[in-house]
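Note that the coordinates shown come from a computational prediction; the quantities given were computed from them, not determined experimentally. For ligands, and for the atoms within them, numbers begin at 1 and follow the listed sequence.
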Amino acid sequence: MTWSHGYFTDLTYSHGYYREMSPLMLRLACMSAEIHPEIPENPTYLELGFGQGVSINIHAAASQGEYWGTDFNPGQAVAARRMGAACGTDILLFDSSFEELAARGDLPDFDIIALHGIWSWISESNRNVIVDIVRRKLRPGGVAYISYNCLPGWAPVIPIRDLLMLHSEYGLGQAQDPRGAIEGAISFTKEIIGAGRILSNENPYAAHQAKRLETSGRNYVAHEYMNADWHLVNFSGMMKSLEEAKLSFVGSSRFLDRFDGLNLTDDGRKLIGNIGNPILKETIRDYLRNARFRCDVFIKGPSRIQGRESRDAWYRQKFVLLKCRDEVPEKIPFAMGEVDLPQKLYAPLADALAEGDYIPKSLDDILRRPGLNGFKPPEVIEGLLVLVGANVASPAQGVTATVGDRCRALNQYVRERALVSTDINFMASPVTGGGILVPHVNQMFMNAEAEGKTTAEQLALFLWDFLDGIGERLNKDGKRLEAKEDNVAELTKAADRYLAHERSLLCALGVM
Ligand SMILES: C[S@@+](CC[C@H](N)C(=O)[O-])C[C@H]1O[C@@H](n2cnc3c(N)ncnc32)[C@H](O)[C@@H]1O
């Protein structure tokens, strides 16, 4: 297809949601780097390459602002527009290429330009078009978010990508449909890695990735490996590419990446401490923790936020839990392995966030809670950033009636879709301004409740009828449960948990 510039378009992309792109998370990324978060209450937002449009639609529903997006795959643009229409947002979604979008005369100046999972899979000329859009259309003070596969973590996987591509370049899968061609490329790769024992001995991570191909979703394999372009870069290379766009680095929007004390060895930390240049420092950090993926936040023209202004902004900032209190982990995985969270701080912090049926609380409120008044504000802020980074908590916002209505409409769309498909596992929260993981089972329990079912047994039977209707069964300990009673017993346990715990959290998050 000529319009696709070598981008794989035969299988559509999965329905992922990326909260790092939400205006509230981007604001927090700036604040935690002591950079003035210039993002206004009603930002003008552009997402490039929105895929199925789950992230942009959720952000347009759950946050204020004007949302623009493009993805040149028309099938995906249709699906994304359908979701947008269902929730009554004035979102503007196009099926233009980046080049066509850049040529439009009616683009506003944007406060945020975001792209997730794009940079590594497009040609150099398309990357230049993106830099040009950011240079011309991101207003001074505006924030850019770019995620990408990085070095050194992906380097050992180069032979796997090469083998998958060689299979299609030499026409070995030509007679097959797209799925058959991918199966063929995977078998070819596994066979060669299996036979070339020297390669797998010397590069065990390549062998591990080849094995993982067996169980990876075929759409993922297609979009990760089978585009004409696969661009691996380190952080310093990324900064060079962005020079023309006048961007400065803010920090990672995956907050756990920021804690050197928990990600690096003592030697690594000492080494980093001796590097003065911030770009070299950030690049070497990736080599020390073998980073594979970066979610970078940049700003055009940073200004420092400090002193009283910074303190006031932090004290006003609200936070909310994303997990039930009993599911808040006591260990969190960092680059060097699992780290025990000191419960002297984290237990009262989680209690404070859970108190009052999970209602969001400002830092000012949190600092006054029992057990926390002995801690200094920076210690509590660090704790909150760890919980946000681990997807256990989120920054929160005040809820307006319009945002509440739009989220309700979007969530109804997702629930109705749950009756025919299991592909969207996120719903919109007017409290977090973003998406919340709501697995298909819980979406179906919500559907059951909408039909007047109230007890765990009724919810479980509703879901059983659905599963039975499509010939599905639950799996337990890797085994398919065939008998109705076994399925209903498991579903009843899930429904019990939903009614006793998850439901109140979903209510506090405004998801129901
Ligand atoms: C890997 S997917 C990521 C989708 C989405 N951002 C996500 O993370 O779920 C890349 C997307 O970029 C789109 N794309 C690639 N090249 C493009 C171009 N030149 N113009 C517009 N869209 C493009 C593809 O259609 C695809 O949906």
Query raised in the report: Do any nitrogen or oxygen atoms of Gln76 lie less than 3.5 angstrom from nitrogen or oxygen atoms of ligand 1?
Result: yes
Query raised in the report: Do the side-chain N and O atoms of Asn42 and Glu66 include a donor-acceptor pair separated by under 3.5 angstrom?
Result: no
Query raised in the report: Is the gap between the ring centers of Phe293 and His116 under 6.0 Å?
Result: yes
Report task. Would you kindly say whether Glu224 and Tyr220 are connected by a side-chain donor-acceptor distance under 3.5 Å? Result -> yes
**Report entry** Any Tyr17 heavy atom less than 4.0 Å to ligand 1
**Finding:** no
Query raised in the report: Just wondering, more than 12 heavy atoms not from Glu338 lying within 6.0 Å of its CD?
Result: yes
Report summary line: In ligand 1, the atoms that come under 4.0 Å of a heavy atom of Gly51 are 4 (C), 5 (C), 27 (O)
Report task. Mark the output for Phe50 as yes if a heavy-atom distance to ligand 1 is under 4.0 Å, and as no if none is. Result -> yes
Report task. Return yes or no for this condition: an N or O of Ser14 is under 3.5 Å from an N or O of ligand 1. Result -> no
Requested in this report: Could you tell me whether ligand 1 has any atom less than 4.0 Å away from a heavy atom of Ser55?
Outcome: no
Query raised in the report: Can a donor-acceptor pair be found between the side chains of Asn425 and Tyr17 at a distance below 3.5 Å?
Result: no
Requested in this report: Please report the C-alpha distance between Arg179 and Asp177 in whole Å, then the side-chain angles of each, then the deciding distance to 0.1 Å, and finally whether the salt bridge (Lys or Arg N to Asp or Glu O under 4.0 Å) criterion is met.
Outcome: CA-CA 6 Å; Arg179 229 164 246 283; Asp177 64 11; over 6 Å; no
Query - Enumerated ligand 1 atoms positioned under 4.0 Å from heavy atoms of Ile122 - result: 16 (N)
Query raised in the report: Has ligand 1 got any nitrogen or oxygen that is less than 3.5 angstrom from a nitrogen or oxygen of Ile118?
Result: no
Query raised in the report: Can you find an N or O of Thr70 that's nearer than 3.5 Å to an N or O of ligand 1?
Result: no
Query raised in the report: Of the listed options (Ala102, Ala114, Gly49), which comes nearest to atom 5 (C) of ligand 1 when hydrogens are ignored and any heavy atom counts?
Result: Gly49
Query raised in the report: N/O of Phe72 under 3.5 Å from N/O of ligand 1, yes or no?
Result: yes
Query raised in the report: How far does OG1 of Thr422 sit from CZ of Phe466, to the nearest 0.5 angstrom?
Result: 7.5 Å
